[in-house]
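Structure, as structure tokens:
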Amino acid sequence: MESAGFKEWAIVCAALGSGQQSIILRKGGIAEGRDGFCFQHREFFLFPTAFHEQWEKTRLPRVALSRMIDGEVEINFWVKIHAIEVVTSLEKAEALAPLHVLRPSVVEERFNYKETRALHVAFVRVFRIFPAWKFPDALAFGGCRSWVKLPAPPSTLGSEPVIDDEEHAQRARFFRAIVGDAAMQVPLPS
């Protein structure tokens, strides 16, 4: 697997890693460039970021998260994209609520970002890695962008899916029912 990191709020990484969330919703970061955001990799590591207001932007109760240590990055999950869709209907975006933990107001805010009025949505399968992968933080990981290049992962990492095959298939059917079958057939970057 290429060592691509996808920057996401630590609380969303935890929700993905606990099986509470099966999609990633993205409007794009400030540093995404003129072309805006796109899912660039089929498989990637979740790179947790600290954002002080992230609890208030989710429907989750406050619980303890893994403590983020200054100067260190800890990676606990990798993701495989099974489908992508640019959702151009706010109603469809709102109907995806059972697959994520964000508040409706956050989904609407992201949907209405700039003049595009759309959300990039990826239906994903999440895998817990063990042991946790830790490495020094670096300036190259900073900034408001979605993708970062990580060091080469250790060859000793193991992984397992966070939800079983049956639950994943059920969620895939739900996703398909909302966004349509075309999303499940979109060719993804390798």
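Only this structure's heavy atoms are used, side chains among them; waters, hydrogens and symmetry mates stay out.
With salt bridges taken as basic N to acidic carboxylate O contacts below 4.0 Å, one links Glu8 and Arg26.
We find the CD1-CD1 distance between Ile81 and Ile24 to be 6.5 Å, quoted to the nearest 0.5 Å. Expressed to the nearest 0.5 Å, how far SG of Cys13 lies from CZ of Phe77 amounts to 8.0 Å. One distance of note links CD of Glu74 with CG of Asp137; it measures 12.5 Å at 0.5 Å rounding. Taken from CG in Leu102 to CZ in Arg59, the straight-line distance is 7.5 Å, to the nearest 0.5 Å. Here the CD1 atom belonging to Ile129 is positioned 6.5 Å from the CG atom belonging to Asn76, to the nearest 0.5 angstrom. Note that CZ of Arg117 is 6.5 Å distant from CG of Leu90, once rounded to the nearest 0.5 Å.
Put simply, the side chain of Phe47 does not reach to within 4.5 Å of the side chain of Phe6, judged on heavy atoms. Looking at Phe130 and Leu157, their side chains never come closer than 4.5 Å, going by heavy atoms from C-beta outward. Side-chain contact check for His100 versus Leu16: every heavy-atom pair is 4.5 Å or farther apart. Between Ser159 and Trp78, the closest side-chain pair of non-hydrogen atoms falls below 4.5 Å. Side-chain contact check for Phe127 versus Lys80: some heavy-atom pair is nearer than 4.5 Å. Considering only heavy atoms from C-beta on, Phe123 comes within 4.5 Å of His168 through its side chain. Between Gln21 and Val12, some side-chain heavy-atom pair lies under the 4.5 Å cut-off.
Remark: the backbone N or O of Ile163 is paired with a side-chain donor or acceptor of Arg125 at under 3.5 angstrom. With hydrogens and angles ignored, the 3.5 Å screen pairs no side-chain donor or acceptor of Arg128 with any backbone N or O of Val162. For the pair His41 (side chain) and Glu43 (backbone), a donor-acceptor distance under 3.5 Å is absent. Listed for the Ser3 side chain is a donor-acceptor partner under 3.5 Å among the backbone atoms of Leu150. With Arg110 contributing its side chain and Leu25 its backbone, the two residues share a donor-acceptor pair below 3.5 Å. Panel note: side chain Lys7, backbone Phe141; a donor-acceptor pair is recorded below 3.5 Å. Within the 3.5 Å criterion, the main-chain N or O of Val87 finds no donor-acceptor partner in the side chain of Glu85.
For Glu160, the CD atom is densely surrounded, since the number of other residues' heavy atoms within 6.0 Å is greater than 12.
Between Phe39 and Phe44, the two ring planes are parallel [angle under 30°; tilted spans 30° to 60°].
Residues Arg103 and Thr58 have side chains that never bring a donor and an acceptor to within less than 3.5 angstrom of each other.
In this structure, Ala118 and Val86 approach most closely via the heavy-atom pair CB-CG1, 3.8 Å. Closest approach of Leu60 and Ala15 over heavy atoms only: CD1-CB, 4.3 Å. Closest heavy-atom contact between Ala93 and Leu119: CB-CD1, 4.0 Å. The two residues Ala95 and Pro98 come nearest to each other via the heavy atoms O-CD, 3.3 Å.
Counting only residues at least two apart or on different chains, the side-chain hydrogen bond (donor to acceptor under 3.5 Å, both in side chains) pairs with a member in residues 90-99 are Ser89-Glu91.
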Quick one: do Val121 and Ile84 satisfy side chain to side chain contact (heavy atoms under 4.5 Å, CB included)? Show the steps, please. CA-CA 6 Å; Val121 180; Ile84 55 173; over 6 Å; no

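None of Trp147, Phe135, Trp133 except one satisfies the ring pair (Phe, Tyr, Trp, His ring centres under 6.0 Å) rule with Phe45; the exception is Trp133.
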